[in-house]
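This report refers to the structure that appears directly beneath it.
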Amino acid sequence: MSNYIIEFKDVWKTYNMGNTEINALAGLNLTLEKGSFTAVMGPSGSGKSTFLHVAGILDTPTKGFFRINGKQASKLSVKEQAKLRRNEIGFVFQRFNLMSQLTILENLMLPMIDEDTDKAMGILDQMGLEEKYAKLPGQLSGGEQQRVAIARALINDPSIILADEPTGELDSKNANSIMQILHDLNANEGVSIVIVTHNPEAAAFTDQILQMRDGNIV
Amino acid sequence: MDLYKLSFNNIRRKKLRSALTMLGIIIGVATIVVLLGVTAGATSAVKDETNQYMYDVIISPASTSGSYLMDAEMVSKVENLPVLHSLREETIFSDNIAGNRVNFQGINDWKQVKLKNGTPGVVINQAVADKLGYSIGNKIKIKNQELTITGISKEEEQPLYIYINQDIAKQITDNKVSVIYASTNKDPKIAADEIKNQIDGISVETKSEKVAEVQEMTDQALLFMGFIASIALLVGIISVINTMLISVMERTRELGILKAIGFTNREIKGSILFESGFLGLSGGVIGVILGIAGIIVVANMLKFTEYIPEMMPLWLISGVIAGATLLSVLAGLYPAMRASKLNVVEALRNE
């Protein structure tokens, strides 16, 4: 078994915009160890979101080799990829992406493989949201919604959490509290975490900061 | 939590739209049920009225034989003829009751006898009731049999008539038969000549072709009504496609989230098909209920109530519900494919 949670070797992602080609990833080489807590920073268009999407198997690279927790997603069927996403990867998005018509508890349990209300309530408790389980996402503040999103990402005990601008829509107090939660998850439970962020304050919570520019690490 | 719960949630969340979509199916299904049901009832009524004329040849004793009944030997000769099939016997005889000559007719199909009161079994006509003073429950003794009157027929004609089951009529007359109706695969005229040559003392007639034409026309009417009504359902189904497509487009972001948190394309497709199938099933059931109500109204208007059971045959009810469900699932197929083919990253960017 590999010691790396993420391995990228010469990975390219090319978009065709009319006559010009844009390389969102330009031969990206990157390895992240298991249990690491990493921030990826860089200007808009540097390819950091594309990196996160490819790592989370939401997007497929044009070419190159990459593995997530030792598994080569490009060799898996679409169905197995979905399974890998569900079992091993927890996503946290900038805009929370909760299902607006479901309650907090239902949102949490939506991706759950073995339905276990006690476990879900336990994670809500950990996030300090136990009392809000019957509310709808719209009734919660941004910080609370993002904590629900983190709880949802944790529900199947993933080996990695990928967070795309998790503090992007939050004020600094809420942003710090979200980063503290992620930091504690990494420190206490050993979950590997990668965040993509513009915010140096958020990045300061992590163990290593990688800078991206023009589709590669600089 | 599974996605079927989510599908229900979507239907509930968009109550008005779901209801309007279902309304299309409801109207289509109700139209089919009423049109086909009433036509089926009418067809069945026409068949009942004309069934007694449904034969190719009619065989009776020749007038020269001096008897109006064929004995058992003659009957078996006729019935063993290989050219004939679908045989139907009828025994008509008369007897004296209290000095009056009463005709007894054996009945195979009680639908031919329109009842005013009571039930089939032993049915007297009004003339018997008036002249002999009989009513339901009275006993009549003929030859060695005692019969209890069960009903009174509607007809007003004068001759005294009592209708009894054909097998009882045959039993009373020592297995004699007045008329044998039969079908043949040959040309009826040729078959008739053949039979006359083979058996003496009988007369063979062929029927008119008008009756067959009438029956064929009612079958065609059923087909035509089915066609018209199917167009109504088609409109309903198109509205299901439309609704599901809009619903998928509106939910693009939501579907993206589902994919991002690990639902497979198959699960997402399944939930959309489930949603459209559910609309079809509910619409179908409500449509059938309304259709049945419609049939009852129409039947009462046409004074046709005795044919209500024939107007709602099981094939129609179950077929229409199954059809509406199946077609709705098919209607969801294209939207479901679109949903499962969504690019996650683009879907999540969707507002």
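Note: hydrogens, waters and symmetry copies are ignored here, and every other heavy atom, side chains too, is used. Letters A, B, ... mirror the listed sequences (proteins, then strands); counts begin at 1.
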Search all heavy atoms of [X] against all heavy atoms of [Y] and return the closest pair with its distance.
X       : Y       : value
F263(B) : R85(A)  : O-NH2, 4.5 Å
F93(A)  : L348(B) : CE2-CD1, 3.3 Å
A260(B) : F91(A)  : O-CD1, 3.9 Å

More than 12 heavy atoms of other residues, nucleotides or ligands under 6.0 Å from [atom1] of [X]: is that the case?
X       : atom1 : result
Y15(A)  : OH    : yes
D125(A) : CG    : yes
M337(B) : CE    : no

**Study point:** Residues in residues 42-63 of chain A near chain B [non-hydrogen atoms, under 4.5 Å]
**Key:**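 From residues 42-63 of chain A, the residues near chain B are H53(A), L58(A), D59(A).
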Select one option (side chain, backbone, both, neither) describing which atoms of [X] are under 4.5 Å from chain A's heavy atoms.
X       : answer
E267(B) : side chain
R13(B)  : side chain
I261(B) : both

Exercise for review: Among E80(A), M99(A), K83(A), R152(A), single out the residue with the greatest number of heavy-atom pairs under 4.5 Å to chain B.
Suggested key: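 Answer, by heavy-atom pair count under 4.5 Å with chain B: M99(A).
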Exercise for review: Determine, stepwise, if the pair L6(B) / E106(A) fulfils side chain to side chain contact (heavy atoms under 4.5 Å, CB included).
Suggested key: CA-CA 10 Å; L6(B) 204 66; E106(A) 285 170 337; over 6 Å; no
Check your understanding: Do any N or O atoms from the side chain of R266(B) and from the backbone of K79(A) form a donor-acceptor pair under 3.5 angstrom?
Key ->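 No.
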**Study point:** Option in N343(B), T264(B), N265(B) with maximal non-hydrogen atom pairs under 4.5 Å from chain A
**Key:**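 Answer, by heavy-atom pair count under 4.5 Å with chain A: T264(B).
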